[in-house]
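This report refers to the structure that appears directly beneath it.
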Amino acid sequence: MKGGRLVYVCRRCKKEDRSLHVPDAMNAAICLANGYELPKHWGGPTPNLLDVHNCKDGHLGITDLVGVECDRDG
């Protein structure tokens, strides 16, 4: 099991967001891609395939989950 950061990209301004960490990157990717519930014991914010982003110009954009960056060893 290796944790990682979910990578979202805003459709409006194209900014990438890696602020949400999950304890098991593979499990998170599989669950999110297939619509399964994530383990409840993870707690914290509930990741989704889509999210809302505050763009620098003050408007709102929609982000898409595009992948997971696994934590580096050591």
Side-chain angles (χ1 to χ4, degrees):
M1 174 170 61
K2 183 184 276 193
R5 298 208 169 268
L6 301 181
V7 181
Y8 290 89
V9 175
C10 181
R11 296 180 190 183
R12 190 170 180 282
C13 71
K14 309 302 182 217
K15 178 157 175 51
E16 291 186 4
D17 178 9
R18 293 174 173 80
S19 62
L20 190 55
H21 187 270
V22 291
D24 184 338
M26 179 67 79
N27 192 11
I30 290 170
C31 287
L32 290 167
N34 291 290
Y36 304 148
E37 282 191 36
L38 293 169
K40 293 191 186 316
H41 66 272
W42 285 5
T46 304
N48 292 297
L49 289 176
L50 300 175
D51 206 349
V52 177
H53 176 250
N54 291 314
C55 301
K56 282 187 177 181
D57 64 4
H59 297 291
L60 298 175
I62 301 298
T63 60
D64 296 295
L65 178 66
V66 297
V68 182
E69 291 183 353
C70 295
D71 293 338
R72 295 177 185 242
D73 290 333

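Residue numbers count from 1 along this sequence.
- L32 and V68 end up in the same hydrophobic cluster when Ile, Leu, Val, Met, Phe, Trp and Tyr side chains are linked at under 4.5 Å.
- Between the D17 side chain and the S19 main chain, a donor and an acceptor come within less than 3.5 Å of each other.
- Side chain of D57 to main chain of H59: a donor-acceptor pair is present (N/O by atom type, distance under 3.5 Å, no hydrogens or angles).
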**OP:** Given salt bridge (Lys or Arg N to Asp or Glu O under 4.0 Å), test K2 with D24 step by step and report yes or no.
**Re:** CA-CA 5 Å; K2 183 184 276 193; D24 184 338; over 6 Å; no

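- Between D64 and R11 the shortest side-chain heavy-atom distance falls below 4.5 Å.
- In this structure, the side chains of D71 and H21 come closer than 4.5 Å at one or more pairs of heavy atoms.
- Put simply, the side chain of N54 reaches to within 4.5 Å of the side chain of L60, judged on heavy atoms.
- Residues L6 and V22 meet the side-chain proximity criterion, which asks for heavy atoms closer than 4.5 Å.
- Linking Ile, Leu, Val, Met, Phe, Trp and Tyr whenever their side-chain heavy atoms come within less than 4.5 Å leaves V7 and L20 in two separate clusters.
- In this structure, P47 and L38 have side chains that are in contact, with non-hydrogen atoms separated by less than 4.5 Å.
- Taking every heavy atom of both residues into account, G61 and C10 meet most closely at CA-SG, 3.8 Å.
- Across all their heavy atoms, R5 and R18 have their closest contact at CD-O, 3.1 Å.
- Both L50 and V52 belong to a single network of hydrophobic side chains, linked directly or stepwise wherever heavy atoms of I, L, V, M, F, W or Y lie under 4.5 Å apart.
- In this structure the side chain of N27 reaches within 4.5 angstrom of the side chain of W42, judged on heavy atoms.
- Counting heavy atoms from C-beta on, the side chains of C13 and H53 come closer than 4.5 Å.
- A chain of hydrophobic side-chain contacts below 4.5 Å, direct or via other Ile, Leu, Val, Met, Phe, Trp or Tyr residues, connects L49 to Y8.
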